[in-house]
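Here's the structure we're looking at; comments come further down.
By convention here, the first residue in the shown sequence is residue 1. Every number for a ligand or one of its atoms is a count from 1 in the order of the listing.
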Amino acid sequence: MTQSPVQRPSVLLSSVSSDSHTWNLVYLALLLEENGYAVTNLGSCVPDDLLIASARELAPAAIVISSVNGHGRIDGARVIRKIRAAPDIASLPVVIGGKLGIGAAGEEQTQDLLDAGFTLVFGDADAHELSTALAGLVGVPAQRDPGVAA
Ligand code: B12
């Protein structure tokens, strides 16, 4: 009897248009892959239109947006409004996290981003919560790749 390949939930990972930082994305891609997700990393400085076109093309289980340059609050709110206004991708779970603003406007900023349409908003120190939260949104990956340490 042949076994069907394990289907890993797909995550579209992206930064926002103004943000040129990349190690945040590398870190998150590795973290998600180790936890059983198939990741497409669009990289830094992603125009809103490219993120939306990629979501349409790849039909991911979820979108994860990372920004650390302090403009994530503004860029993130703009792009999530566009996603929620596009009927074919509007219902996707979309989360954002990182260093999303400058200063200490934490709770207000989180509420603004939730009001704009994000499913979940994470802080700078919350990377360890991401996989568990995603599992709650899109399901727990069935099985890790053979050879990947637990
Ligand atoms: C390296 C670096 C750069 C490099 C980036 C090179 C590259 N290829 O990435 C360069 C020199 C290009 C750069 C440029 C700039 N930078 Co810079 N940079 C840094 C620095 C020193 C390290 C960032 C890094 O690589 N960290 C390693 C990665 C793995 O960790 P991380 O980015 O912190 O991400 C973690 C968390 O934020 C979280 N996380 C991130 N995203 C998400 C998403 C989700 C969903 C979740 C759950 C968690 C999560 O998880 C990650 C792992 O813990 C930080 C300061 C610092 N010590 O953090 C400043 C910093 C991010 N930069 C900063 C700034 C302001 C800039 C510039 C605007 C400076 C300027 N005036 O030009 C530009 C940005 C230009 C642009 N268009 O974006 C500020 C941002 C301020 C803020 N947000 O309040 C910081 C914090 C420095 C500071 N203290 O002021 N930078």
Minimum-distance protein heavy atom relative to [atom]:
atom: atom 83 (N) of ligand 1; result: V68 O, 2.9 Å
atom: atom 77 (N) of ligand 1; result: S18 O, 2.7 Å
atom: atom 12 (C) of ligand 1; result: S20 OG, 4.4 Å
atom: atom 25 (O) of ligand 1; result: W23 CB, 3.4 Å
atom: atom 33 (O) of ligand 1; result: K99 NZ, 2.7 Å
atom: atom 16 (N) of ligand 1; result: H21 NE2, 3.0 Å

Among all the protein's heavy atoms, is there at least one whose distance to [atom] comes out below 4.0 Å?
atom: atom 72 (O) of ligand 1; result: no
atom: atom 42 (C) of ligand 1; result: yes
atom: atom 56 (C) of ligand 1; result: no
atom: atom 88 (C) of ligand 1; result: no

Heavy-atom contacts under 4.0 Å between [X] and ligand 1: side chain, backbone, both, or neither?
X: L100; answer: neither
X: V64; answer: side chain
X: F122; answer: side chain

Numbering as shown, the atoms of ligand 1 that approach [X] to under 4.0 Å (heavy-atom distance):
X: D19; answer: 78 (O)
X: I102; answer: 82 (C), 84 (O)
X: G70; answer: 83 (N)

Candidate list I65, V95, I83, test side chain to side chain contact (heavy atoms under 4.5 Å, CB included), partner F118, passing option: I65
Going by distance only, is there an N or O of T22 that falls short of 3.5 Å from an N or O of ligand 1?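 Yes, at least one N or O pair falls under 3.5 Å.
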Between G117 and I80, which heavy-atom pair has the shortest distance, and what is it? C-CG1, 3.5 Å
With atom 44 (C) of ligand 1 as the reference point, say which of G43, A127, G97 has the nearest heavy atom.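 It is G97 that holds the nearest heavy atom.
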If we only consider heavy atoms of S44, is any one of them less than 4.0 Å away from an atom in ligand 1?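 So S44 does not count as touching ligand 1.
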